[in-house]
Asks: 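Below is one structure. I have some questions about it.
Below, each value reflects all heavy atoms present in this structure, side chains not excepted, and no hydrogens, waters or symmetry copies.
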Amino acid sequence: MKASIAIQIEPNQQDDREAIRIVDAVIDYIRSTGLHYYVGPCETSIEGDNLHQLIDILEHCMDVAAQAGSEKVSAYVKLSYRPNGAVLTIDEKVTKHHR
């Protein structure tokens, strides 16, 4: 993997259940990309070999949240990119903590 992105989508909703419904729609979209991902309590991490693909996924996540009913969407993002090598994978980072 040459790149990874961690995305936290925050829909501007007063009702927590409605916010979760919107975030679930975003996670369903991420699942549909076919890329390896990990859902954490505050963000979802995605791995890929193409930085532009991950940026496009971020943009689409914002659109999915808006289409699901959020009038305003905030995203907090972390990117890791190594064009001539590999970044640490999700499994390398967290597997030891989930045994």
Asks: Can you check whether Ile46 reaches Ser4 side chain to side chain, under 4.5 Å on heavy atoms?
Replies: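 Contact flag for Ile46/Ser4 side chains = no.
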Asks: Measuring from Glu92:CD to Ile90:CD1, what's the distance to the nearest 0.5 Å?
Replies: 10.5 Å
Asks: How long is the gap from CG on Leu51 to CD1 on Ile5, to the nearest 0.5 Å?
Replies: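 Output value for this atom pair is 8.0 Å.
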Asks: Between Ile7 and Thr44, is there a side-chain heavy-atom distance shorter than 4.5 Å?
Replies: no
Asks: Distance from Glu43 atom CD to Tyr38 atom OH, nearest 0.5 Å?
Replies: 10.5 Å
Asks: Quick one: pull up CD1 in Ile27 and SG in Cys61 and give me the separation to the nearest 0.5 Å.
Replies: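 Rounded to the nearest 0.5 Å, the CD1-SG separation comes to 9.0 Å.
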Asks: More than 12 heavy atoms of other residues, nucleotides or ligands under 6.0 Å from NZ of Lys78: yes or no?
Replies: no
Asks: Taking atom NE2 of His52 as the centre, report whether more than 12 heavy atoms of other residues, nucleotides or ligands fall under 6.0 Å from it.
Replies: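 Not more than 12 within 6.0 Å, no.
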Asks: Keeping the roles fixed (side chain from Asn12, backbone from Val73), state whether a donor-acceptor pair exists under 3.5 Å.
Replies: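 No, because the side chain of Asn12 does not come within donor-acceptor range (under 3.5 Å) of the backbone of Val73.
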Asks: Taking Leu79 as the starting point, is it possible to reach Met1 by hopping between hydrophobic residues whose side chains are less than 4.5 Å apart?
Replies: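 Met1 and Leu79: separate clusters.
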Asks: Ignoring hydrogens and angles, tell me if any N or O in the side chain of Arg21 forms a donor-acceptor pair with the backbone of Ala68 under 3.5 Å.
Replies: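 Yes: the side chain of Arg21 pairs with the backbone of Ala68.
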Asks: Sequence neighbours left out, what passes ring pair (Phe, Tyr, Trp, His ring centres under 6.0 Å) with His60? Give chain and number order.
Replies: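 With neighbours one apart ignored, the set is Tyr29.
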